[in-house]
K.L.:
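Below: one structure in structure tokens.
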Amino acid sequence: MPKNWSATGLQSLRRGGSLRPRHPFQSLRPELWTQPLTPWQLQCIQELSSRRLQRMPVQYILGEWDFQGLSLKMAPPVFIPRPETEELVEWVLEEVAQSPCAMGTQDGPLILEVGCGSGAISLSLLSQLPQSRVIAVDKGEAAICLTEENAQRLRLLDRIRIVPLDVTLEGSWAHLLPWGPVDLVVSNPPYVFHQDMEQLAPEIRSYEDPLALDGGEEGMDIIIHILALARWILKDSGSIFLEVDPRHPELVGNWLQSQPDLSLDLVAMRRDFCGRPRFLHIQRSGPRRGCPADAWPGPQPARVPG
């Protein structure tokens, strides 16, 4: 596409998905508002419109999307980051800023993201916490590849370990021990109640990976595995930050009370910009079990076997 069309119209459209939307025409020079489109430009618009009429998400049509000021590549069926998740990142950043001494050494916190998708959360934290390091895991090969590509595009590949891993498999935590223990676990896991999957918009049902959405009967399947993983990988006084369904704060709180051996406490809940209970802060209140001493190995490949 011509530079003046792609660099203004498309970038403005991408910004429309952020918490601070901009009108698509705000970036256009006034003389372009009435300038006729060329036949080639019209053909491009018709092709894009055709995909949208097929209910393809705008993020996949454009092939990229903004998240926390980063331009990330998007590709189906990898889960598309939502504006709410930007609030999760902002909360983590606030907590790190308020308690820097508790977040690792002077080199910055070591963070584990479970279910990295496009890498939106991990890469946002890396870009805003220059001394931090991230372990990003996902069981989907498409997600692993997309996170790696986005990390490379943003020149953050040297501070992230991208690990293909299914945290629901028994003993999966053992693959993370060489890189842990971690200061923070952050995740926007699959949390949709299974019975609600059919009510999702056609854009979601037809194009996004259902495994990145379906959290089981009560939306808790992956959440429980993440909390159980903390037994092995989370430092003493370490924290878990989760994005969840509005029905989950009570469910998660009750489940944690039924699992005292995990030594995890639900210490805070935060609402999203629509006022719904959406984010949880869970903290370890006891020692880790069976974990080796703190270690971050020397140079390693960006990806290791799952």
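Numbers here are sequence positions counted from 1.
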K.L.:
Would you check, one step at a time, whether the test side chain to side chain contact (heavy atoms under 4.5 Å, CB included) holds for R51 with Q54?
P.N.:
CA-CA 5 Å; R51 296 177 193 171; Q54 296 172 23; 5.5 Å; no
K.L.:
Rounded to the nearest 0.5 Å, how far apart are CG of D265 and CD of Q257?
P.N.:
9.5 Å
K.L.:
Can you tell me how far apart CG (L227) and CG (L242) are? Round to the nearest 0.5 Å.
P.N.:
6.0 Å
K.L.:
Between R153 and L72 (side chain of the first, backbone of the second, donor and acceptor by atom type, cut-off under 3.5 Å), is there such a pair?
P.N.:
no
K.L.:
Looking at every heavy atom in both Q199 and Q195, which two are closest together, and how far apart are they?
P.N.:
NE2-O, 4.1 Å
K.L.:
If the test is side-chain hydrogen bond (donor to acceptor under 3.5 Å, both in side chains), which one of Q59, E64, E149 qualifies with K73?
P.N.:
E149
K.L.:
Quick one: ring pair (Phe, Tyr, Trp, His ring centres under 6.0 Å) partners of Y191, sequence neighbours excluded?
P.N.:
none
K.L.:
Parallel, tilted or perpendicular for W91 and F279, by the 30°/60° rule?
P.N.:
perpendicular
K.L.:
Does a side-chain N-to-carboxylate-O contact under 4.0 Å join R82 and E84?
P.N.:
no
K.L.:
Which heavy atom in L256 sits nearest to a heavy atom in L266, and how many Å separate them?
P.N.:
CD1-N, 4.0 Å
K.L.:
Do any N or O atoms from the side chain of D66 and from the backbone of G69 form a donor-acceptor pair under 3.5 angstrom?
P.N.:
no
K.L.:
With sequence neighbours left out, what residues match T168 under side-chain contact (heavy atoms from CB on, under 4.5 Å)?
P.N.:
D166, I222, H225
K.L.:
Roughly how far apart are Y207 OH and M56 CE, rounded to 0.5 Å?
P.N.:
4.5 Å
K.L.:
Give me the atom names and distance for the closest heavy-atom approach of P181 to K235.
P.N.:
O-CE, 3.5 Å
K.L.:
Less than 4.5 Å apart, side chain to side chain, heavy atoms only: is that true for R133 and I160?
P.N.:
no
K.L.:
Please say yes or no: joined through hydrophobic side-chain contacts below 4.5 Å, possibly via intermediate residues, are L177 and L169 part of one cluster?
P.N.:
no
K.L.:
Name all residues meeting the salt bridge (charged side-chain N to carboxylate O under 4.0 Å, His left out) criterion together with D196; count only those two or more places apart in sequence or in a different chain, and write none if there are none.
P.N.:
R247
K.L.:
Quick one: pull up CD1 in I282 and CG in L264 and give me the separation to the nearest 0.5 Å.
P.N.:
7.0 Å
K.L.:
Is I111 close to V182 at the side-chain level, that is, under 4.5 Å between some pair of heavy atoms?
P.N.:
no
K.L.:
Could you go through the side chain to side chain contact (heavy atoms under 4.5 Å, CB included) check for W255 and I224 one step at a time?
P.N.:
CA-CA 8 Å; W255 188 85; I224 288 174; 3.4 Å; yes
K.L.:
Using side-chain heavy atoms (C-beta onward) and a distance below 4.5 Å, is R284 in contact with D236?
P.N.:
yes
K.L.:
Got a second to check how far D214's CG is from D221's CG, nearest 0.5 Å?
P.N.:
7.5 Å
K.L.:
Could you tell me whether the side chain of E243 reaches within less than 4.5 Å of the side chain of S187, counting heavy atoms only?
P.N.:
no
K.L.:
For a 4.5 angstrom cut-off between non-hydrogen side-chain atoms, does R52 reach V58?
P.N.:
yes
K.L.:
Who pairs with E218 by salt bridge (charged side-chain N to carboxylate O under 4.0 Å, His left out), at least two apart in sequence or on another chain?
P.N.:
none
K.L.:
Check whether any side-chain heavy atom of I240 sits under 4.5 Å from a side-chain heavy atom of L234, and report yes or no.
P.N.:
yes
K.L.:
Share the residues that join V192 in a hydrophobic cluster, the rule being Ile, Leu, Val, Met, Phe, Trp or Tyr side chains under 4.5 Å apart at the heavy-atom level.
P.N.:
F79, M197, L200, I204, L213
K.L.:
Can you check salt bridge (Lys or Arg N to Asp or Glu O under 4.0 Å) on E203 and R55, steps first, answer last?
P.N.:
CA-CA 5 Å; E203 288 86 346; R55 306 301 291 267; 2.8 Å; yes
K.L.:
Identify the two heavy atoms, one from P246 and one from R276, that lie closest to each other, and give their separation to 0.1 Å.
P.N.:
CG-CB, 3.9 Å
K.L.:
Taking I144's backbone N and O only, do any of them form a donor-acceptor pair with T147's side chain (distance below 3.5 Å, no angle check)?
P.N.:
no
K.L.:
What pairs with K139 under salt bridge (charged side-chain N to carboxylate O under 4.0 Å, His left out), at least two apart in sequence or on another chain?
P.N.:
none
K.L.:
Rounded to the nearest 0.5 Å, what separates atom OG in S237 from atom CD in Q283?
P.N.:
6.0 Å
K.L.:
Can you sort out the partners of E94 under salt bridge (charged side-chain N to carboxylate O under 4.0 Å, His left out), two or more places apart, ordered by chain and number?
P.N.:
R270
K.L.:
Any non-hydrogen side-chain atom of V137 less than 4.5 Å from a side-chain atom of I135?
P.N.:
yes
K.L.:
Does the pair S239 and H281 meet the rule for a side chain to side chain contact (heavy atoms under 4.5 Å, CB included), with working shown?
P.N.:
CA-CA 7 Å; S239 291; H281 179 189; 2.7 Å; yes
K.L.:
Name every donor-acceptor pair, under 3.5 Å, that has one atom in a side chain of residues 114-130 and the other anywhere in the protein, sequence neighbours excluded.
P.N.:
residue: S122; atom: OG; partner: E113; partner atom: OE1; Å: 2.4
residue: S124; atom: OG; partner: A120; partner atom: O; Å: 2.7
residue: S127; atom: OG; partner: L123; partner atom: O; Å: 3.2
residue: S127; atom: OG; partner: S124; partner atom: O; Å: 2.8
residue: Q128; atom: NE2; partner: Q68; partner atom: OE1; Å: 2.9

K.L.:
Would you find a donor on one side and an acceptor on the other, under 3.5 Å apart, between the side chain of H248 and the backbone of D245?
P.N.:
yes
K.L.:
Can you name the residues that form a side chain to side chain donor-acceptor pair (under 3.5 Å) with Q259, not counting sequence neighbours?
P.N.:
none
K.L.:
Does a side-chain heavy-atom distance below 4.5 Å link D138 with L165?
P.N.:
no
K.L.:
Dump the intermediate steps for side chain to side chain contact (heavy atoms under 4.5 Å, CB included) on F193 and E217, then the final yes or no.
P.N.:
CA-CA 6 Å; F193 285 50; E217 184 177 356; over 6 Å; no
K.L.:
Is V267 isolated, or which residues cluster with it under the ILVMFWY side-chain rule of less than 4.5 Å, directly or via members?
P.N.:
none
K.L.:
For E31, does the CD atom have more than 12 heavy-atom neighbours from other residues, nucleotides or ligands under 6.0 Å away?
P.N.:
yes
K.L.:
If only atom types and distance count, is the side chain of S50 paired as donor or acceptor with the main-chain N or O of Q46 below 3.5 Å?
P.N.:
no
K.L.:
How far apart are the closest heavy atoms of A228 and L262, and which atoms are they?
P.N.:
CA-CD2, 4.3 Å
K.L.:
Partners of D209 by side-chain contact (heavy atoms from CB on, under 4.5 Å), sequence neighbours excluded?
P.N.:
P77, L211, A212
K.L.:
Could you work out the complete set of other residues in the hydrophobic cluster of L146, with links drawn between I, L, V, M, F, W and Y side chains under 4.5 Å apart?
P.N.:
V78
K.L.:
Are more than 12 heavy atoms from other residues, nucleotides or ligands located less than 6.0 Å from atom CD of E47?
P.N.:
yes
K.L.:
Any side-chain to backbone donor/acceptor pair from T85 onto L88? Under 3.5 Å, distance only.
P.N.:
no
